[in-house]
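Before any comments, here is the structure.
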Amino acid sequence: VADDNLLEGNEELRATISNESIGSILTASDDATIDDADDDGAVWEIATTTNGVEGGAAVVYTVTLTDVSGNTLTNVSGAGVSANVEFATGSEALQADLSTTFPTTVTVADNASSQTITLAVSDDNLLEGEEDLVATLTGTTTGAISGTDGSDTATIDDADDDDPQWVIAATQDGAEGGANVEYTVTLEDGSGNVLTNVSGSGVTADINFTGLTEAEQADLSTTFPTTVTVANNSSSEVISLAVADDNLLEGNEELRATI
């Protein structure tokens, strides 16, 4: 009996005798069972075939049937064979990226060797950094799960993280001895949508101030910051500069902030 790398299930071979040249036939036929060793030793493997991008490429895993030597098996059992699958996201933010319901089983159809699992990735306007999604095969009624390739990790690239835009705007003009000068620094994507930083830590940019003479700088009773930080779980940061009253007749003054 040859090994054909087909997942077939057990098969019956019937032998029948006839046309005897002498005597009579007492038992005309009998059946022998051929055990499909591939069915007993089928191994389920899962591998990431495409990493995801927010608003772009979907995450794709491929589940494959092999024998114990790593040769690909074809399921010709007459029906699909299934395994359980679980996904670990690690964060609620990552779960929000995946605009799909996670499957709990994967089925390799009859006359097939593998099956893909495709998970679409949405763009959520969160500045997250790269995220990992782990898929694990957890059980099957046919064969066994690979001890080394029964789980794999896909990476989801945060497109917002690739090119976030920093925007600064003067949101309040100052008055000597009165209102502070205020600037608001905001994170946006390339389309102008506000981003929320959920990377787990603050993100920073350098900032400098120009346009005032030394006398005019004395109006600002504060030290100019050199960096601005948008905190975790925030979309913007306000820079507030107090303005002192110096009893000088100066006219209006311009203070430029640049990031």
**OP:** Determine the minimum heavy-atom distance between I145 and A83, stating which atoms define it.
**Re:** CD1-CB, 4.5 Å
Subject >> Result of checking D173, I239, T171 against E182 for side chain to side chain contact (heavy atoms under 4.5 Å, CB included) >> reply: T171
Original post:
Does atom CD of Q172 have more than 12 heavy-atom neighbours, drawn from other residues, nucleotides or ligands, at distances under 6.0 Å?
Top reply: yes
**OP:** Mark yes or no for whether N75, through its side chain, and A112, through its backbone, hold a donor-acceptor pair below 3.5 Å.
**Re:** no
**OP:** Any chance you could measure L133, atom CG, to I156, atom CD1, to the nearest 0.5 Å?
**Re:** 5.5 Å
Subject >> side-chain hydrogen bond (donor to acceptor under 3.5 Å, both in side chains) partners of T49, counting only residues at least two apart >> reply: T62
**OP:** Would you mind reporting whether V121 and V59 have side-chain heavy atoms less than 4.5 Å apart?
**Re:** yes
Original post:
Are side-chain N/O atoms of T153 and D132 paired as donor and acceptor at under 3.5 Å?
Top reply: no
**OP:** Give, for atom CD of E54 and atom CG of D157, the distance between the pair rounded to the nearest 0.5 Å.
**Re:** 8.0 Å
Original post:
Are I259 and V181 linked, directly or through other ILVMFWY residues, by side chains that come within less than 4.5 angstrom of each other?
Top reply: yes
**OP:** For T116 and Y61, indicate whether the former's side chain and the latter's backbone hold a donor-acceptor pair under 3.5 Å.
**Re:** no
Original post:
Which heavy atom in S151 sits nearest to a heavy atom in T136, and how many Å separate them?
Top reply: OG-OG1, 3.0 Å
Original post:
Can you check whether T142's main-chain N or O pairs, donor with acceptor, with W44's side chain at less than 3.5 Å?
Top reply: yes
Subject >> Closest non-hydrogen atom pair, I46 against A135 >> reply: CD1-CB, 3.8 Å
Original post:
Which atom pair, heavy atoms only, marks the closest approach of S240 to N180?
Top reply: OG-ND2, 3.0 Å
**OP:** Check whether any side-chain heavy atom of T140 sits under 4.5 Å from a side-chain heavy atom of V81, and report yes or no.
**Re:** no
**OP:** Verify, without hydrogens or angle tests, whether D149 (side chain) and E45 (backbone) share a donor-acceptor contact under 3.5 angstrom.
**Re:** no
Original post:
Side chains of I117 and F87: does their closest heavy-atom pair fall under 4.5 Å?
Top reply: yes
Subject >> Minimum heavy-atom distance I207-I168, with the two atoms named >> reply: CD1-CD1, 3.8 Å
Original post:
Within the distance-only criterion (no hydrogens, no angle test), does the side chain of N84 pair as donor or acceptor with the backbone N or O of T138 below 3.5 angstrom?
Top reply: no
Subject >> Within-4.5 Å side-chain heavy-atom neighbours: L187 and W166 >> reply: yes
Subject >> Heavy-atom closest pair, residues S113 and T74 >> reply: OG-OG1, 3.1 Å
What pairs of donor and acceptor atoms, side-chain ones from residues 224-236 against any protein atom, are under 3.5 angstrom apart with sequence neighbours left out?
| from | atom 1 | to | atom 2 | distance (Å) |
| --- | --- | --- | --- | --- |
| N232 | OD1 | S199 | N | 3.4 |
| N232 | OD1 | G200 | N | 2.9 |
| S235 | OG | L195 | O | 2.9 |
| S235 | OG | T196 | OG1 | 3.1 |

Subject >> Side-chain (T64) to main-chain (S114) donor-acceptor, under 3.5 angstrom >> reply: no
